[in-house]
Amino acid sequence: MHYCQIAPPDLLARLAEEGTPAQRVAVLRTLATSAAIRARRALISELVRAPGFDVGALIAPVLREGENRSVYDVQHRGTRALPGHLVRREGDPPVADPSVNEAYDGTDRTYRFYDKVLDRQSVDGKGLPLISSVHFGVEFDNAFWNGSEMIYGDGSGHVFAVGALTKAIDVIGHELTHGVTQFTAGLEYHDEPGALNESISDVFGSLVKQYALRQTAAEADWLIGAGILAPGLGAALRSLKAPGTAFEGDSQPAHMRDYRRLPDDDDPRHDNGGVHINSGIPNHAFYLAATALGGHAWEKAGRIWYDALAKRLQPTSGFQDAAKAMLASAGVLFGAGGTEEEAVRAAWQGVGVLT
Amino acid sequence: MLVTIVRAGGLAAFVRQTELDSAELSADAAATLRALVAALEQAALPPSPRPDELLYELTVDGELIVRATEQSLSESARLLIGFVDGCPERVDSVEPL
């Protein structure tokens with residue numbers, strides 16, 4: 001075989017990441033005819049990370065049916081090493097590393113919630129395989145959906161407790177819901193649309209946990225990330241029940257009169273216009289609606305919020321748009337003028353978004 | 001030379017500030033720090049941030065050198081941050097937004 005007929009995997013990966021659309025299609029064709037399945041898997045992972053790709057369509061032919069979850073170990077390296085070494089695939093038994101098993105289980109809980117409750121298959125609604133990479137970076141204090149896969153750091157002990165970032169299923173649900181929002185309303189990540197984006201993730205993150213525990217709205221703790229902050233920082237990241245009380249110094253508002261105006265600029269201290277601060281307002285609206293309706297929060301309030309997210313919200317939607325969208329969704333799902341619609345109206349009035 | 005790293009945003013949205021003063025370092029470590037700072041590229045404008053990405057700011061002696069998101073942070077900035085994090089002389093503080 002001539003050397004020039006062998007496409008070095010690194011070059012293919014670079015083209016998949018950085019190439020023109022035509023180059024990426026050529027890479028895909030090369031992969032489709034490649035006999036080296038292991039290499040193909042690694043390269044598909046690169047493709048998944050390339051922006052603007054129909055990742056579901058790309059992956060479908062190469063993965064076994066029902067192969068939804070895989071967990072990789074990045075071994076403390078960075079973005080260029082993603083996704084890392086495959087350590088657990090769909091159907092594999094637990095491994096020795098608890099981070100791997102926690103990421104696997106939390107992904108499973110989230111997938112099941114969306115599938116069983118909202119009839120949505122994976123974050124894109126088309127069964128997108130869910131890739132998780134654990135042990136990202138060194139003492140990395142974050143977990144996030146990078147647009148195509150889940151990334152988990154180990155925590156530094158300064159912000160997150162060491163090893164805690166895979167432990168909270170509501171956090172895993174929160175992050176994967178950023179993927180759902182990306183494939184549905186596409187809410188922009190700044191100011192009110194960004195705070196709404198954050199709130200949607202907190203709402204469904206909390207519902208993933210409540211569904212896993214089969215808790216009613218009255219039984220749930222309505223916290224996000226309970227027990228994962230570094231010792232001394234506080235009990236949880238956020239509270240939907242009582243915004244502003246999750247930790248010492250928590251300044252989340254629960255009402256529009258306390259909306260915090262921060263600049264939308266590149267200063268890290270401004271949080272893209274306070275997206276993690278002002279999310280307290282729509283968070284609390286959901287809590288009010290869910291507790292007013294009673295029972296399991298995912299059965300009524302959750303379906304209303306999801307219908308609005310999937311069908312009515314737009315990238316630039318703010319809180320008022322969200323309130324109107326959810327009123328419309330409540331009317332369509334449960335009947336116009338019904339108790340559900342009234343509970344939604346009262347909830348958004350309760351946080352000062354509707355008058 | 002005083003290097004200050006601010007890391008904020010992310011899932012928790014806490015603001016972590018890390019400072020390292022070359023005066024506290026051995027001569028070798030101080031020289032490494034200066035070399036890493038000299039190699040820093042001025043950052044291009046960060047792309048629009050992804051949800052829950054970490055956001056970074058690097059200042060040297062009070063002068064703003066880099067603001068970036070997780071995806072736009074340059075390799076030279078990552079090397080400097082990794083070096084600072086590895087120095088026991090650094091001083092960390094964490095505050096809510």
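Naming convention: chains lettered A, B, ... in sequence-line order (proteins, then strands); numbering from 1 in each chain.
Highest contact tally toward chain A, considering only Gly9(B), Pro51(B), Ala12(B), is held by Pro51(B) [criterion: heavy-atom pairs under 4.5 Å]. In terms of heavy-atom pairs under 4.5 Å with chain B, the best-connected choice from Leu262(A), Asp250(A), Val159(A) is Val159(A). Options Leu97(B), Leu73(B), Ile81(B), Asp85(B) differ in how many heavy-atom pairs under 4.5 Å they form with chain A, and the most are formed by Leu97(B).
Heavy atoms of Glu175(A) lying under 4.5 Å from chain B belong exclusively to its side chain. The contact between His174(A) and chain B is made entirely by side chain atoms (from C-beta outward), counting heavy-atom distances below 4.5 Å. With a 4.5 angstrom heavy-atom cutoff, Val275(A) does not touch chain B via any of its atoms. Within the 4.5 angstrom heavy-atom criterion, no atom of Thr181(A) approaches chain B. For Gln71(B), no part sits under 4.5 Å from any heavy atom of chain A, backbone or side chain. Interface remark: Leu165(A) contributes side-chain atoms only to the contact with chain B (heavy atom separation under 4.5 Å).
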Arg50(B)/Gln182(A) under side chain to side chain contact (heavy atoms under 4.5 Å, CB included): CA gap, chis, key distance, verdict: CA-CA 10 Å; Arg50(B) 292 189 174 129; Gln182(A) 169 191 332; over 6 Å; no
Worked verdict on Asn272(A) versus Leu55(B) for side chain to side chain contact (heavy atoms under 4.5 Å, CB included): CA-CA 10 Å; Asn272(A) 304 308; Leu55(B) 310 172; 4.1 Å; yes
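Contacts from residues 228-236 of chain A to chain B, taken as heavy-atom pairs separated by less than 4.5 Å, involve Leu229(A), Leu233(A) in sequence order.
Ionic pairing of Asp141(A) and Arg16(B) is present here: one or more N-O contacts between side-chain nitrogen and carboxylate oxygen are shorter than 4.0 angstrom.
Annotation: side chain of Arg67(B) is in contact with side chain of Pro268(A) (closest heavy-atom distance under 4.5 Å).
Atom NE2 of residue His178(A) and atom CG of residue Asp52(B) lie 3.5 Å apart, to the nearest 0.5 angstrom. Leu54(B) contributes atom CG, which lies 7.5 Å from atom CZ of Phe144(A) (distance to the nearest 0.5 angstrom). Put simply, OG on Ser156(A) and CG on Asp92(B) are 7.5 Å apart, with the number rounded to the nearest 0.5 Å.
In this view, Arg78(B) and Glu70(B) satisfy the salt bridge (Lys or Arg N to Asp or Glu O under 4.0 Å) rule, not counting sequence neighbours.
The number of heavy atoms from other shown groups lying within 6.0 Å of CD (Gln75(A)) is above 12. In Arg120(A), the CZ atom is crowded: over 12 heavy atoms of neighbouring residues, nucleotides or ligands sit closer than 6.0 Å.
With hydrogens and angles disregarded, a donor-acceptor distance shorter than 3.5 Å links the side chain of Asn142(A) to the backbone of Leu11(B). Not a single donor-acceptor pair under 3.5 Å links the side chain of His276(A) to the backbone N or O of Phe14(B).
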